[in-house]
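Working notes, beginning with the structure itself.
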Amino acid sequence: MVAARRPSGKVPWALHRAGGRIPTMDSVRVRFAPSPTGYLHVGGGRTALFNWLYARHHRGTFILRIEDTDRTRSTEEAIEQIFASLRWLGLDWDEVYRQTDRFDRHREVGEDLRNRGAAYEEGGALWFRVPREGATTVRDLLAGDVTVQHSELKDFVILRSDGTPVYNFACVVDDHDMGITHVIRGAEHLNNTPKQILLYQALGWEPPLFAHVPLILGPDRSKLSKRHGAGSVLDYDRRGILPEALVNFLARLGWSHGDQEVFSKEELVALFDLPGVNTSAAVFDDAKLLWLNHEWLRRTDPHRLADLLAERIVTLGVADRHAVEAVGRERLARAAVLLRERGKTLVEMAERARPYLPGPIPLPPEAAEVLTPAVGPALAALAERVTALGDPSPAGFEALLKGGAEDLGVPIKALAPAVRVAVTGSRVGPGLYDLLSVVGPEVVADRLRAAARWIKERR
RNA sequence: GUCCCCGUCGUCCAGCGGUCUAGGAUACCGGGCUUUCAAUCCGGAAACGGGGGUUCGAAUCCCCCCGGGGACACCA
């Protein structure tokens with residue numbers, strides 16, 4: 001068994017791997033076939049993404065097939081979750097099927113196999129007879145030629161005693177009937193493929209092309225699964241990850257285009273192809289996802305970001321809808337631009353949005369470190385000047401503060417942190433003048449007065 | 001255990017026989033800038049699993065070993 005190498009020269013890569021068969025590139029039909037036994041995790045999400053990208057890149061058809069043949073484990077909620085996850089990722093499907101709708105067809109083909117002598121009944125179930133001798137080779141577009149001796153295989157059930165089909169069988173019948181040209185799926189299925197090829201042969205059908213993509217591993221290097229915690233695609237939405245970031249991250253897990261790291265979905269569609277996919281499993285690195293999310297937060301249109309932020313602020317209970325509306329979309333967009341510079345997720349941004357919303361700011365005891373008795377009068381005086389401020393731009397605030405530091409007798413190095421804490425309750429945050437400008441003169445003045453009072457009451 | 005797949009910095013990738021004193025990204029460490037944090041800039045540490053071949057030449061090809069993962073259901 002020799003793994004095929006990517007050829008150099010002008011031979012089209014896929015053609016070479018396909019052993020000379022010519023895949024008709026304008027009629028690509030691929031499918032994502034999840035089983036609705038739980039939420040869609042990122043491994044499944046990546047498989048869906050690769051299929052979708054392959055279909056869109058080749059102007060083909062992306063099919064969604066719900067593999068719910070195991071009625072005891074499949075649920076309607078899981079199906080809804082899968083739809084919701086794909087929609088969130090922005091992976092639209094052209095056709096959708098449900099395997100349970102095709103049981104009659106599966107039984108019909110099973111019957112055909114039995115009539116041909118390729119299957120036999122035992123214990124009420126229909127078993128496929130695997131040849132004793134010989135071997136079957138999978139010509140995988142990614143793994144190369146993989147040969148398995150028939151002696152390694154056992155006869156397997158294709159129709160359960162209750163008449164329902166089992167995975168390997170339903171999969172073959174459906175892929176054939178749906179005209180699937182490329183089966184792009186996780187590497188855990190590579191071992192199933194010889195059985196499926198045997199089925200195609202017994203039925204006299206031409207098998208599709210196969211491409212088994214490498215697995216995604218958890219931090220402990222085992223196949224990513226539910227027990228790794230936040231593996232659900234929708235969990236990333238809850239964590240404040242942008243779909244663009246997760247798509248970008250997932251695409252880079254096992255696929256690359258030179259040294260480029262950031263890809264928009266449009267770029268991925270234009271660049272993605274099977275030759276760029278590698279064959280080794282990848283560990284899911286949360287830190288890098290967070291970095292990408294930050295990149296995408298910074299590339300997102302401020303108004304769209306404002307809408308996403310508004311929603312988070314409400315769902316997280318940072319403020320109510322009324323307060324958010326009072327701020328207005330424009331001001332919120334300006335706040336979002338400041339917030340996204342320091343926050344890596346929408347959640348972090350929302351949690352730090354309090355200063356931009358109306359109302360007083362609670363001052364923690366540590367505020368006393370910069371809100372000293374010495375700056376109290378200056379803050380009170382500054383509040384009056386802010387009220388009379390003609391130019392509420394960052395430059396206007398900068399002139400005001402620097403002028404104030406000068407003639408109020410408090411050095412800017414002490415005044416700036418004091419104003420920051422008075423307005424935000426925190427010693428860290430965006431550039432002070434930008435911050436004040438976004439918060440606005442009225443609210444700034446109110447909080448400056450409140451801070452002056454707070455200092456006085458503490459003495 | 002058997003079979004299958006994989007093996008470059010901690011992690012994700014580049015590398016397709018010479019251009020590799022191995023490149024990018026992230027994470028980490030140090031410094032500049034800043035009222036602060038972040039961003040940004042500069043610098044640093046960090047890898048070809050091991051052993052045999054083939055070749056003038058190997059991270060790149062072959063073999064063995066080791067290591068990791070996956071599959072071995074009337075689950076998918």
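Just so it is clear, the values below take in all heavy atoms, side chains as well, and ignore hydrogens, waters and symmetry mates. Throughout, protein chains are lettered first and strands after them, A, B, ... in sequence-line order, and every chain is numbered starting at 1.
- In this view, R304(A) and E244(A) satisfy the side-chain hydrogen bond (donor to acceptor under 3.5 Å, both in side chains) rule, not counting sequence neighbours.
- With both pairing distances under 3.5 Å, C33(B) is matched to nothing as a Watson-Crick or G-U wobble pair.
- Side-chain proximity of R160(A) to the nucleotides U26(B), A38(B), C74(B) is greatest for C74(B).
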- When every nucleotide of nucleotides 41-49 of chain B is labelled 5' to 3' by its protein contacts under 4.0 Å (heavy atoms), B for base, S for sugar-phosphate only, - for none, what sequence of letters results? ---------
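- For the residue pair Y200(A) and H176(A), no side-chain donor N or O sits within less than 3.5 Å of a side-chain acceptor on the partner.
- Screening residues 415-430 of chain A for salt bridge (Lys or Arg N to Asp or Glu O under 4.0 Å) gives E369(A)-R427(A) as the qualifying pairs, with residues at least two apart or on separate chains.
- Each of C37(B), G70(B), C74(B) was ranked by its minimum atom distance to the side chain of N191(A); first place goes to G70(B).
- Shown here, A71(B) forms a base pair with U2(B); the pair counts as Watson-Crick or G-U wobble because both key distances fall under 3.5 Å.
- Ranking C74(B), U36(B), A39(B) by closeness to the R420(A) side chain, first place goes to U36(B).
- Contact of N192(A) with A71(B) (side chain to base): no donor-acceptor pair of N or O atoms is detected under 3.5 Å.
- Sorted by first and then second residue, the salt bridge (Lys or Arg N to Asp or Glu O under 4.0 Å) pairs involving residues 114-130 of chain A (not counting sequence neighbours) are E111(A)-R114(A), D112(A)-R116(A), R114(A)-E121(A).
- Annotation: side-chain hydrogen bond (donor to acceptor under 3.5 Å, both in side chains) contacts of R340(A) (sequence neighbours excluded): none.
- A straight line from CG of L290(A) to P of C12(B) spans 17 Å, rounded to a whole angstrom.
- Set against U35(B), U26(B), G68(B), the side chain of L432(A) has U35(B) as its closest nucleotide.
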What side-chain donor-acceptor pairs closer than 3.5 Å can you find for residues 398-411 of chain A, not counting sequence neighbours?
unit_1  : atom_1 : unit_2  : atom_2 : d
E398(A) : OE2    : K402(A) : NZ     : 2.6
D407(A) : OD1    : R385(A) : NH1    : 3.0
D407(A) : OD1    : R385(A) : NH2    : 2.9

